[in-house]
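Quick notes on the structure that follows.
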2 protein chains.
Amino acid sequence: MKDSFWQEHLCYLGFRLTVPRKIVINILKETEKHLSAEDIYVKALKINPSIGLTSIYRTLLLFTKINVVQKHDFGEKKARYELINNPLKKEHHHHLICTRCKTVIDYADFMKEEVELMTKTENKLSKKYHFKIIYHTVHFYGLCVKCQKLA
Amino acid sequence: MKDSFWQEHLCYLGFRLTVPRKIVINILKETEKHLSAEDIYVKALKINPSIGLTSIYRTLLLFTKINVVQKHDFGEKKARYELINNPLKKEHHHHLICTRCKTVIDYADFMKEEVELMTKTENKLSKKYHFKIIYHTVHFYGLCVKCQKLA
DNA sequence: TTTCATATTGATAATGATTTTCATTATCAA
DNA sequence: TTGATAATGAAAATCATTATCAATATGAAA
Ligand SMILES: [Mn+2]
Ligand SMILES: [Mn+2]
Ligand SMILES: [Zn+2]
Ligand SMILES: [Zn+2]
């Protein structure tokens, strides 16, 4: 029983609909956070205690390849992941990262101007440096409200 | 004998002027590249074969803390470093990264508009999310000329 | 349904970058 | 020149992520 868009998508691409894959999708579907592999693993264990951390990594690798999740590198030594097309989120967004508690805030408010400038810059850069630009990242690092008080 | 601005700076802050520290400064001073700890270690060995990789890491950590070098995370599993205030470079610049050969290009050409927008966005974001923004990163990922042909 | 080829799994070991530990050494103020 | 101690280098420890490999679950075909 495929009960989500993403499960449909997996099948369509010829991948098997396995327990770990369903679990990972469900976990990511229900959060606005940017979870690490370990975070996901801990949540997954509560649903099915026989799941292996290795499978979480493999699943995340697969999902990243087929553009179902986005892998982020926010300057920690571990990666974080979020579902692409999560109905809880705006499609295209940039990030605000607290360097103390590692909280990540998505923002899409001021994206119009940003994206315009990004596109313009991309064009100029690719011309000048003969670079084929695939994607870009914009990260604002700082302290969230809570951490400002604590720090 | 302190023969550079950076050596002066180290002394000023009360740190000892040691062999590994001088070597790391000299290596970084003379390159436009973004070197990994290992890269620096290999170069350092040619200057003084008794230097340890551990000291390279320790030195880079110290330099990062006192704002002498900038540590970068370009999505590889290892970090890369560049000297702040390197006379070979424009002070403030953003980055263009080849995902295939890992080459990094500094660009400062179109920074005026970018920085303007960044500042504006920063203000709006810090108000809306009560976030204290310390710094930001803008990375364009893609393929350099060479890698476009090879890929 | 049952069967079956094989895609996928989970336990374990391996990796690779970075850190920690700790005994030894080098720096620099007195 | 001396001495307190900051800093070093070798080796072991960490920690996230990958590779291995025998066992298992999936889903198309019978
Ligand atoms: Mn996000
Ligand atoms: Mn740079
Ligand atoms: Zn915080
Ligand atoms: Zn390249």
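Chain letters run A, B, ... following the sequence lines, proteins first, then strands; residues in each count from 1.
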Could you check how far [atom1] of [X] sits from [atom2] of [N], rounded to whole Å?
| X | N | atom1 | atom2 | value |
| --- | --- | --- | --- | --- |
| B:Leu61 | C:dA17 | CG | C1' | 14 Å |
| A:Glu38 | D:dT18 | CD | P | 14 Å |
| A:Asp73 | C:dA17 | CG | P | 15 Å |
| B:Leu35 | C:dA17 | CG | P | 15 Å |
| A:Phe74 | D:dA16 | CZ | P | 17 Å |
| A:Ile23 | C:dT9 | CD1 | C1' | 12 Å |
| A:Lys78 | C:dG16 | NZ | C1' | 18 Å |
| A:Tyr81 | D:dA16 | OH | C1' | 10 Å |

**Request:** Flag the pair B:Glu113 and A:Lys124 as a salt bridge only when some basic side-chain nitrogen lies within less than 4.0 angstrom of an acidic carboxylate oxygen.
**Result:** yes

**Asked** Does NZ in B:Lys33 sit with more than 12 non-hydrogen atoms of other residues, nucleotides or ligands closer than 6.0 Å?
**Response** no

**Prompt:** Would you find more than 12 non-hydrogen atoms of other residues, nucleotides or ligands less than 6.0 Å from A:Lys43 atom NZ?
**Reply:** no

**Item:** Between CG on residue B:Leu45 and CD1 on residue B:Ile51, distance to nearest 0.5 Å
**Value:**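 Separation between the atoms: 7.5 Å.
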
**Message:** Please report the interatomic distance OG(A:Ser55) to CG(A:Leu62), rounded to the nearest 0.5 Å.
**Reply:**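 Answer for the OG-CG pair, A:Ser55 versus A:Leu62, is 11.5 Å.
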
**Asked** Do the ring planes of B:Tyr12 and B:His9 sit parallel (below 30°), tilted (30 to 60°) or perpendicular (above 60°)?
**Response**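 Parallel.
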
**Fill in**
Contact check, residues 44-58 of chain A vs DNA chain C, heavy-atom distance under 4.0 Å, returns A:Ser50, A:Ile51, A:Gly52, A:Thr54, A:Ser55, A:Arg58

**Residue mapping more 5' on DNA chain D - nearest nucleotide basis, B:Thr18 or A:Lys77** = B:Thr18

**Message:** Defining pairs by Watson-Crick or G-U wobble geometry with both distances under 3.5 Å, how would you list the stems of DNA chain C with at least three pairs each?
**Reply:** C:1-30 with D:1-30

**Asked** Are side-chain N/O atoms of A:Lys120 and A:Asn123 paired as donor and acceptor at under 3.5 Å?
**Response**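 No - no donor-acceptor pair under 3.5 Å links their side chains.
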
**Asked** Side-chain donor-acceptor pair under 3.5 Å between A:Glu114 and A:Tyr107, yes or no?
**Response**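 Side-chain D/A pair, A:Glu114 to A:Tyr107: present.
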
**Fill in**
Tightest non-hydrogen contact, residues B:Glu122 and B:His136, listed as OE2-ND1, 3.1 Å

**Prompt:** For the residue pair B:His72 and B:His95, is the inter-centroid distance of their aromatic rings smaller than 6.0 Å?
**Reply:** yes

Distances under 3.5 Å between protein N/O atoms and the N/O atoms of nucleotides 1-7 of chain C, please, pair by pair.
| unit_1 | atom_1 | unit_2 | atom_2 | d |
| --- | --- | --- | --- | --- |
| C:dT6 | O2 | A:Arg16 | NH1 | 3.4 |
| C:dT6 | O2 | A:Arg16 | NH2 | 3.4 |
| C:dA7 | O4' | A:Arg16 | NH1 | 3.4 |
| C:dA7 | O4' | A:Arg16 | NH2 | 3.3 |
| C:dA7 | N3 | A:Arg16 | NH1 | 3.4 |

**Message:** So does A:Glu32 get a backbone contact from the side chain of A:Lys89, meaning a donor-acceptor N/O pair under 3.5 Å?
**Reply:**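 Side chain of A:Lys89 to backbone of A:Glu32: a pair is present.
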
